[in-house]
Amino acid sequence: MTNSPVAEGICNRLSGAATYMPTDGLAFIRANSSAAGSQAGQQAVQNSLLVNTLDMMRNFEKLGMTRVQSEQLTTDLTEILCINKDKIAAQFVSKSTLEKAVLEQEARIAGFKSEVQKSQELHHSSLTRDTDRLQTMLDKVKAEIRYEIDKLTASQRLDLNLEKGRMRDELQALRDKANELEIKMDKETNSLKAAVEQTKNETIKYCLGMMLAFTTAGLGAARLVSH
């Protein structure tokens, strides 16, 4: 079998690459190539090596490469693919790992939600108890304030009634004193009127007596003068 220009170019470009292939790796490729006749073997090769090495080697042979060259090239490409696969696997996570991480995250989120809900329930219960306690204290304070207000109102009402009674008594005393003064003034006024009348009568009597005396004296004098 003659080599084609494409095959010679590929061989020249890969001649400087690593040509060492472990025996177990070549045996693995040959084992896969011999077992590729079955569908299960092809599926196993595709799952492990990402490519079908037997088909790749046959395609290289169809391009004009010898069997040794095609095996070497297939080995190198497989090694490169495996190295890249390892690098990609190191940089990215697999679907199963991602699903596992998602499940773990969902479990954590569910646990966090449960804890948050439990904390909220505890907080709500504590808040309810505090609210009830504050409401009880507020009702007690209201009752005490109402009692003090009623007590103060009753005391003020009593003091007001007492003050009204005292003022009523003082007003009555003032009225009685005024009545007494009025009666006393009336008595003194009547006494003064009586004294004035008596003095007036005495004055009139004195004047009449004086006039009578002067008249008698005048008549006596006139009688004396006439004789």
Keeping the roles fixed (side chain from Thr215, backbone from Met211), state whether a donor-acceptor pair exists under 3.5 Å.
-> yes

Would you confirm whether Ser155, through its side chain, and Lys151, through its main-chain N or O, come within 3.5 Å as a donor-acceptor pair?
-> no

How far does CD of Glu106 sit from CD1 of Ile109, to the nearest 0.5 angstrom?
-> 7.0 Å

Between Glu197 and Lys193, is the closest basic N to carboxylate O distance under 4.0 Å?
-> no

Which pairs pass salt bridge (Lys or Arg N to Asp or Glu O under 4.0 Å) with one or both residues in residues 155-178, sequence neighbours excluded?
-> Glu163-Arg166, Arg166-Glu170

Verify side-chain contact (heavy atoms from CB on, under 4.5 Å) between Leu192 and Glu188, making sure each step is shown before the conclusion.
-> CA-CA 6 Å; Leu192 184 60; Glu188 290 180 356; over 6 Å; no

Value rounded to 0.5 Å, distance of CE in Met210 from CG in Leu212 | 11.0 Å

Same hydrophobic cluster for Ile204 and Val196, using side-chain heavy-atom links shorter than 4.5 Å among ILVMFWY?
-> no

How many angstroms lie between CG in Leu160 and CE in Met167, if you round to the nearest 0.5 Å?
-> 9.5 Å

Distance (rounded to the nearest 0.5 Å) between Leu208 CG and Asn201 CG = 10.5 Å

side-chain hydrogen bond (donor to acceptor under 3.5 Å, both in side chains), paired with Gln135, selected from Thr131, Asp132, Asp139 | Asp139

Audit row: Glu202, Gln198, side-chain contact (heavy atoms from CB on, under 4.5 Å) steps and yes/no | CA-CA 6 Å; Glu202 289 179 355; Gln198 186 178 359; 3.5 Å; yes

For salt bridge (charged side-chain N to carboxylate O under 4.0 Å, His left out), just list the numbers for Lys184 and Glu180, CA-CA rounded to whole Å, side-chain angles, deciding distance to a tenth of an Å, and then say yes or no.
-> CA-CA 6 Å; Lys184 186 176 181 180; Glu180 290 177 0; over 6 Å; no

Do Glu121 and Ser125 come within less than 4.5 Å of each other through their side chains, counting heavy atoms only?
-> no

Without swapping roles, check the side chain of Ser114 against the backbone of Ala110 for a donor-acceptor pair under 3.5 Å.
-> no

Separation between OG of Ser70 and CD of Glu61, rounded to the nearest 0.5 Å | 4.0 Å

Would you please test His124 and Thr128 for side-chain contact (heavy atoms from CB on, under 4.5 Å) and show each step?
-> CA-CA 6 Å; His124 183 268; Thr128 303; 3.6 Å; yes

Joint hydrophobic cluster, Ile149 plus Val141, side-chain heavy atoms closer than 4.5 Å | yes

Spell out, as yes or no, whether a donor-acceptor pair under 3.5 Å connects the side chain of Ser119 to the backbone of Glu115.
-> no

Do Asp55 and Phe60 come close enough that some side-chain heavy atom pair is under 4.5 Å?
-> no

Looking at CG of Asn59 and OG1 of Thr74, how far apart are the two atoms once the value is rounded to the nearest 0.5 Å?
-> 9.0 Å

